[in-house]
Amino acid sequence: MSTTAVDVTKQTRKDFVSDQDVRWCPGCGDYAILAQVQKVMPELGVPRENVVFVSGIGCSSRFPYYMNTYGFHSIHGRAPALATGVKLARPDLSVWIVTGDGDGLSIGGNHLIHILRRNLDVNILLFNNEVYGLTKGQYSPTSRLGQITKSSPMGVVDQPFDTAALALGAGATFVARTIDVEQKHLQSVLHAAVEHKGTSFVEILQNCPIFNDGVFSEVTDDDGRAYRQLLLENGKPMLFGPESDRKGIRLSREMRPEVVSVNEDEGIDEDILVHDVANDAKSFFLASLDWQTAGAQPPMPVPLGVLRAVDRPIYEQSVHGQIDAARQKEAAGDFDRLFATGDSWVVD
Amino acid sequence: MSTTAVDVTKQTRKDFVSDQDVRWCPGCGDYAILAQVQKVMPELGVPRENVVFVSGIGCSSRFPYYMNTYGFHSIHGRAPALATGVKLARPDLSVWIVTGDGDGLSIGGNHLIHILRRNLDVNILLFNNEVYGLTKGQYSPTSRLGQITKSSPMGVVDQPFDTAALALGAGATFVARTIDVEQKHLQSVLHAAVEHKGTSFVEILQNCPIFNDGVFSEVTDDDGRAYRQLLLENGKPMLFGPESDRKGIRLSREMRPEVVSVNEDEGIDEDILVHDVANDAKSFFLASLDWQTAGAQPPMPVPLGVLRAVDRPIYEQSVHGQIDAARQKEAAGDFDRLFATGDSWVVD
Amino acid sequence: MGAPSGFTSSDKSGRSTKPVESREHVVIRFAGDSGDGMQLTGTQFTNQSAMAGNDIVTLPDFPAEIRAPAGTLAGVSGFQLNFSSQHIFTPGDEPDVLVVMNPAAYAVNVDDLVEGGILIADNDAFSKSNLRKAGFEGNPLEAEGLTDRYRLFSVPITKMTVEALKDLGLPQKSVVRCKNFFALGLCSWLFNRPTDATLRWIEAKFKKPELIEANRRAFHAGWNYGETTEAFAATYQVPEADIEPGRYTNITGNKALAWGLMAAAAKADKQLFYASYPITPASDILHELAAHKDFGVITFQAEDEIAAAGVALGASFSGSVAVTGTSGPGVSLKGETLGLAVMVELPMIVVNVQRGGPSTGLPTKPEQSDLLQALYGRHGECPVAVIAPSSPTDCFDAAFEAVRVAIRYMTPVIVLSDGFLANGSRPWKTPSFADLPEIAAKFWTETLGFHPYLRDEDTLSRPWVVPGTPGLEHRVGGLEKDYNSGNISYMPQNHERMIRVRASKIERIADELQPLEVMGDPDADTLVISWGSTYGALYAAVKELNSQGQPIAHAHLRWLNPLPPEIGELIARYKRVIVAELNMGQLVRVLRERFLVDAVPINRMQGQPFKTGELVAEIKGLMEKRA
Amino acid sequence: MGAPSGFTSSDKSGRSTKPVESREHVVIRFAGDSGDGMQLTGTQFTNQSAMAGNDIVTLPDFPAEIRAPAGTLAGVSGFQLNFSSQHIFTPGDEPDVLVVMNPAAYAVNVDDLVEGGILIADNDAFSKSNLRKAGFEGNPLEAEGLTDRYRLFSVPITKMTVEALKDLGLPQKSVVRCKNFFALGLCSWLFNRPTDATLRWIEAKFKKPELIEANRRAFHAGWNYGETTEAFAATYQVPEADIEPGRYTNITGNKALAWGLMAAAAKADKQLFYASYPITPASDILHELAAHKDFGVITFQAEDEIAAAGVALGASFSGSVAVTGTSGPGVSLKGETLGLAVMVELPMIVVNVQRGGPSTGLPTKPEQSDLLQALYGRHGECPVAVIAPSSPTDCFDAAFEAVRVAIRYMTPVIVLSDGFLANGSRPWKTPSFADLPEIAAKFWTETLGFHPYLRDEDTLSRPWVVPGTPGLEHRVGGLEKDYNSGNISYMPQNHERMIRVRASKIERIADELQPLEVMGDPDADTLVISWGSTYGALYAAVKELNSQGQPIAHAHLRWLNPLPPEIGELIARYKRVIVAELNMGQLVRVLRERFLVDAVPINRMQGQPFKTGELVAEIKGLMEKRA
Ligand SMILES: Cc1ncc(C[n+]2csc(CCOP(=O)(O)OP(=O)(O)O)c2C)c(N)n1
Ligand SMILES: Cc1ncc(C[n+]2csc(CCOP(=O)(O)OP(=O)(O)O)c2C)c(N)n1
Ligand code: SF4
Ligand code: SF4
Ligand SMILES: [Mg+2]
Ligand SMILES: [Mg+2]
């Protein structure tokens, strides 16, 4: 029997569901993310055999087993390296990296910043639950100051990374943030990530009901949804808050963020910042909004959506471009010529 | 014979010169840096036996051998880890990390970003010569696009890191930049680094005459010095250029950098940005100034001096603070009580 | 109406009034879903048994997933306890009693139960959907022949727990969670365990009064069920063991190891500095030490294992007793830093709580397959000392000794524990701190003639000089150093000399090892050698074989590098040498190579400790084959 | 006035008119400051000698620093060449001719020169300041007794070079830089080397016409100095060796290794993917491969060695011939990823160009101390195949074979080269690409009955399925996999089965190894065993010993895992087995353990290859001791 290709246009969500038992805890935010990813997949128009999911180790990194695509559940922190090999060797594949805040930012931090600067055309989904789930609840590089965990019985004293700021600082060409429970938003961010040519970095805030339950409830509960989500849209002013109480963000003379009330009917003040995914300073500014520090007044909203999206040469294209150029050389690939280079001589 | 302490106030440069032969290539920028560091040391008022230099591997990482202090020439990329151990165990020591663009940003990138976020009170000197010197000239994570090296015969295709942006993105509390040949500036930056409580990250642009000669000449030759150095001073407007042709930097409505002419005698335009080392957005903005891309018009100046300096809790103080607090507990440190905890029972 | 808490036995004292049968020892296994609290139940039962004066050995068995979907085979969690009136050394091969909280637990465990053993099942959990998840068509509790094989007690545990708690107004989820205490109560009754400690523990553990009451009621309900119904005709009693007098506490290997490090650092008058990156099954050492800041312990959770090793080495340079703990994959990452530690000759402890490999392997299961890595897993000639504790309680002593040797010889020491020791527990006779030996650990301060590689004549160790010492400023590093000055040296002869001196230093440790004890038949012609956690199983097997008249002796290696000096001679005295390990044969390679002895291996790589019965059979087989 | 370029000999043809003495072989060493261009000089002289028809072996020797301060001992760089009319196997123990460009080079090298050997020194460089830097009080060239020991030619090389170039208008620095060509010219004259190739090379190498002219003039000046002055009475001639006809090129081990990988990938019809992080002495493989994009080679310079290994493994998953090259410290970092490769059973080559360890050690010097790490340096039971090339040219064949085995057995293969092979060179008889064997490497596409761990009956290898193959979507990873489905499995027996099958797979490679060749005396009672780069020295030593009538045979192991199947039997035939290695005795451990043979080691850890003379003496010593 020979292999059979799937008709791309007819792929459905089910085609991306593997036969493996899903082994996350009941209520884990990972389920929702999996469902959205499986939903978005058929819309990409890529046959599933051309899709590869690569992960490290962690609860989140079990992800590839549940996707009926090619998959590599590698070792802790190394998914970006493995994925780089997969993509560079086969630029035609659609390559996805799934990682966690521990896997991607702790042990795997170096590979992450390097893949971001190189800008391969891959998609990175970082499930940030601000804790190590698989190893049963130690703090992670995104855990907040003071958090009590098994390894921080008196509270975390390590300043957490701001994931988006780190990615921007590393030179990422696409940085976005979304939340496990915001299905529509998650979908739209996944679409944007796929559309971006270059490395797409998506941080997904994810609830771990077992070891860090409710860590994002401040922005996901009813109040939070209304008052604390800054939904970014390119070219649109930065507004948030419920209909009845809209607010906007502007820059003070000292280049500090200010939250001001806005009445959309009366027109939006010129001062309100307009989002521009291609403006470095704005992206960094958004990343530096401190939405996590408890009790800040007024509390800052969490920027959601695409913080940055810029075009830059794509790594694998540059690499293969050089190879293609070199192959134009006379005698390219001729081993007999190669062996005779240098100072060769004949003994007869 | 018992050990003898040096009189701190009488320490001179010579006290910090070790008896080891300095083994850099003739003309290497590292010599100038060494000389400045040795010069600044006595001014710190720390007896040399309380100073520890920790490095990784690379030409730059030979540094500790030449300092008559305690020193640890460790392994490639791991100096921040070793230094963390040294400092956390002994917060009273003055700890210095010397690293290179390969050692610190390639193999050691992860340790670097993590020490920056943790904010130990140590000083990091990163000698950036945009090349691997010790291994004889491969490109590094700061090498520029197109650079021809032994490992990139057709030119580098990896987008370089912007060192300052990376450090800021990681949450560094102090980020500065200086140049090997600018002795005064180098000294002043070293002083600022020492004064900062928390991790001080100093990028030193350094010429490698053997494998990357003149890479910074655009900003160090006579023209460059005059036109391309943006010397930052906290609370002062961002001005550069020769007396006759002063320029300032302002933010456009779109939050993009603009270079405008300034006549200082006529007063400086309100629009010209005033440097504020404690303003995140400004620091990121400075880090995103692209001064390296060849042929940009007008060419941007390189921001030199302190890009960011903010106060945040110091890691080793937090750690020891928790320990001190715990030691107040009743029966703290009592092993016999410890052994009897849990469900112990007596067999008699 | 829910039952109020309290015992139904006539004297209300928690002592059964039913007939009591006596047993020398009992092996009981609790099994259920990861969410069912089986580890907790097992631990409590263990504590009760220890307090009842039995000797005990435990074997917890977790799934790799935190909480695989409820009811699936992957989610089954187990806890086995052997409690005895005799001295015991293993958690027991097969359970005499199996408690299963759902069909999956039944499926995974039932084959292990001895014929005629007691099987207690929560029949409420054998619902259609649970049966399906566990892969059953029908209900196995009703399968033909089951009651011929086992003594089945099919108990409606969930229903009765719900009933007992119904008027407490707790959410259903919380109510159902209490069913493990029903099971614990029932077993406490069945084996006449003392109940006070458990009741006290419930009060201490739960914060909310309604939860205290709920668990108390569930516990009582289980106890009362045994006492009241006619399901159980009798209870069992395992008499007190003849145990050396003293204060005991039941301790896991990881905890003992943590305490051993703390005690050693205190005895050396140094700060304990533990740098680690979490990994199963080593993380609990980090958790334990992090909780003891009142002892001045510094714990550092690093960004990865390489950093953890580097931080530890830096701390050692600064004068701390520096330790980095991990498991196999982490050791594979620490190799380079360990090499640096060898080169700079600083004391450092690397704890490897071994698990099933290679790669991610079987992350929650024990194995002994990292021995050769400990010996040879670094580039260059890079010898380190290696010690392996033999039991959960020996983890304390081995850690203590590792610290002593590391400081005295200025060398890294690898401590090879494993998942079985780490989570398993044994009663530990708690020492008095004052009675523990001092550890000499003076920093060097003498400037006269100083150089950083000056060597002590006896130990060949270099001086431990810490920053802050005036006049001794010096630099260390990974490049080869001159024997006579400590400066960098590329000279040919010097390199060879330094390699040899580093090797000799490790060899010298052998001079002060405790003499090797030979156990078993003194007239044996066969010697069985064990190392690490397999000590207990081998000890028990040899005892059994001896009692069957087999001429077998047993030696256990605690230090793997260096080997005890007398081992060569000892081996030469026997006709047959057998080396039993939980790997493909690693120590056996070392002994064959070192002593050219045709030692034969017994190997097992199944993610479980040896079973005594298997060992007995296998050793007998080898004796016959090589007779 | 500077001399125009051209030869002064009567026929102006670059052939000397002085008397010629014949020699069987000559060992010459060029030594000077790192900035003096000694590697270049040595390489040119080597090429001349190869073209003159001699057999050649080279030994470059760099300092660890790029360019330590000029004139210091640390900055001395050397290049040794053995050229011969016979077949030779080593770069020679001691130079017959030593060229020193400054006092430091003199200090470091003079003791190696054979008594009566030729010593050529640039006496201009023996200035006061240079003498001081090298630690001399007076001028050693003027020391008493020197001319009794050596035939000293004290030549004002710098001055004459300056003189020859003075009217070219070059800066002084550039002028002085040409002095190595003066030395080369002089030596070319002295040994009657063909000069055309060098002159052509000068033209190709230097871009600026004035530099071409300058170097040409310096070269001629040196040549003419020999021909014209009366300092040298005669020249030497080493006749052509009897070399198999064919086209030859002088090739270093690193280059041969790179080409071998390229050729193997081409023969497997796959893309070569080399992921690496620079490290001495492996970096040149990266440089060489990066220069061959015209062959479709992808090179990836990773952020570190872990990433390099991960990238390679990812590329292998995607269907490339994936290679990661490094040296010892890098291997210590790749262990975990290598374990993953073992678990997922994908082909991958790890090249370890060994250097002096442990830790940073002696980074530019060869050693063979990573063998046990290659065999055992990972957690868990984690077997990989290991091959070691025996000479610079064998690096081509070993790399080729490693690729073949990696694909056929779906396994990582470690190639153990070392710094001596890497930088040393030998004439290589270039094969025709068409004559190289094909490598079968078909991706699996069959869906029927597919699972990712289906095994080939012969090799036990699993199928290589690459993404993009419809219907074969599957997941691999580091957790243990079920033998029958490839799904994750924590089952006890399955784990043991998988461990054993992974081990058997590696053992099966032995079935197709080339038979072991036994060299030396066929009636020997002593067998000397070598591996890797020590082949040549051992071969020469045994030849020498045989010629002295010693009954010794020699076997060389190319595959270290698995061992050739006949080695056990072979060893059993000898009274004495000696294993010579550049380490503390690593292969000897393996052989002792495997075959219980009392093999004795010969070890050297001085950052240098074995010297034939030393080996001869040491082997003789062992023969007497164990007679
Ligand atoms: C080399 C190595 N070190 C440590 C571990 C243990 N480990 C597995 S997952 C994990 C952390 C996972 O955290 P995260 O990436 O946030 O994933 P989550 O489980 O929270 O989804 C750790 C420390 C390992 N498997 N390998
Ligand atoms: C684990 C390991 N990998 C690689 C090397 C080789 N190596 C030594 S220094 C270096 C790069 C140094 O570059 P950089 O830090 O920029 O220092 P520079 O020499 O330019 O000052 C490399 C790749 C090593 N010593 N150890
Ligand atoms: S531990 Fe947390 S992150 Fe992991 S599966 Fe459970 S709920 Fe999800
Ligand atoms: S190679 Fe470059 S960086 Fe290194 S010592 Fe020489 S000049 Fe300095
Ligand atoms: Mg997490
Ligand atoms: Mg550099």
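Proteins get letters first, then strands, A, B, ... in listed order; numbering begins at 1 in each. What's counted below: heavy atoms across the whole structure, side chains too, no hydrogens, waters or symmetry copies.
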Practice prompt. Answer with side chain, backbone, both or neither: which region of C/Glu303 has an atom nearer than 4.5 Å to a non-hydrogen atom of chain B?
Written response: both
Discussion item. Less than 4.5 Å to any heavy atom of chain B: does that hold for the side chain of C/Ala312, its backbone, both, or neither?
Written reply: neither
Worksheet item: Looking only at heavy atoms, which of residues 86-95 of chain B get nearer than 4.5 Å to chain C?
Response: B/Val86, B/Leu88, B/Ala89, B/Arg90, B/Leu93
Worksheet item: For B/Phe174, which residues count as a ring-ring contact (aromatic ring centres under 6.0 Å, His included) partner, sequence neighbours excluded?
Response: B/His196
Practice prompt. Heavy-atom distances under 4.5 Å only: say whether C/Leu272 touches chain B with side chain, backbone, both or neither.
Written response: neither
Practice prompt. Output the option from C/Pro431, C/Pro452, C/Ser316 having the highest count of non-hydrogen pairs under 4.5 Å with chain B.
Written response: C/Pro431
Worksheet, complete the sentence: Pair count under 4.5 Å, heavy atoms only, with chain C: among B/Thr84, B/Asp348, B/Ile75, highest is B/Ile75
Practice prompt. Of all the heavy-atom pairs spanning C/Phe273 and B/Gly85, show the shortest one and how long it is.
Written response: CE1-O, 4.0 Å
Practice prompt. Could you tell me which portion of C/Asn47 (side chain, backbone, both or neither) has an atom closer than 4.5 angstrom to a non-hydrogen atom of chain B?
Written response: side chain
Worksheet entry | More than 12 heavy atoms from other groups under 6.0 Å of NZ on B/Lys197 | yes
Response to the item:
Residues at least two apart in sequence or cross-chain that pass side chain to side chain contact (heavy atoms under 4.5 Å, CB included) with C/Ala308, listed by chain then number, are C/Ala275, C/Ala302, C/Thr324, C/Lys334
Worksheet, complete the sentence: The interface call for B/Thr69 against chain C, heavy-atom contacts under 4.5 Å, is backbone
Item to complete: Under 4.5 Å heavy-atom distance to chain C, tell me which part of B/Tyr315 shows up: side chain, backbone, both or neither.
Response: side chain
Fill in: Close side-chain approach of B/Val52 and C/Arg475, heavy atoms under 4.5 Å
no
Fill in: Residue-level contacts of residues 333-340 of chain B with chain C, using a heavy-atom cutoff under 4.5 Å
B/Gly333, B/Asp334, B/Phe335, B/Asp336, B/Leu338, B/Phe339, B/Ala340
Worksheet, complete the sentence: So, the part of B/Arg117 with a heavy atom under 4.5 Å from chain C: the answer is neither
Worksheet item: Within the side chain of B/Tyr70, is there an N or O that forms a donor-acceptor pair under 3.5 Å with the backbone of C/Thr469?
Response: yes
Worksheet, complete the sentence: When the 4.5 angstrom heavy-atom criterion is applied to C/Leu340 and chain B, the contacting part is side chain
Worksheet item: In terms of heavy-atom proximity below 4.5 Å to chain B, should C/Tyr248 be classed as side chain, backbone, both, or neither?
Response: both
Response to the item:
Heavy-atom closest pair (B/His73 atom, C/Leu479 atom, distance to 0.1 Å) is CE1-CD1, 3.7 Å
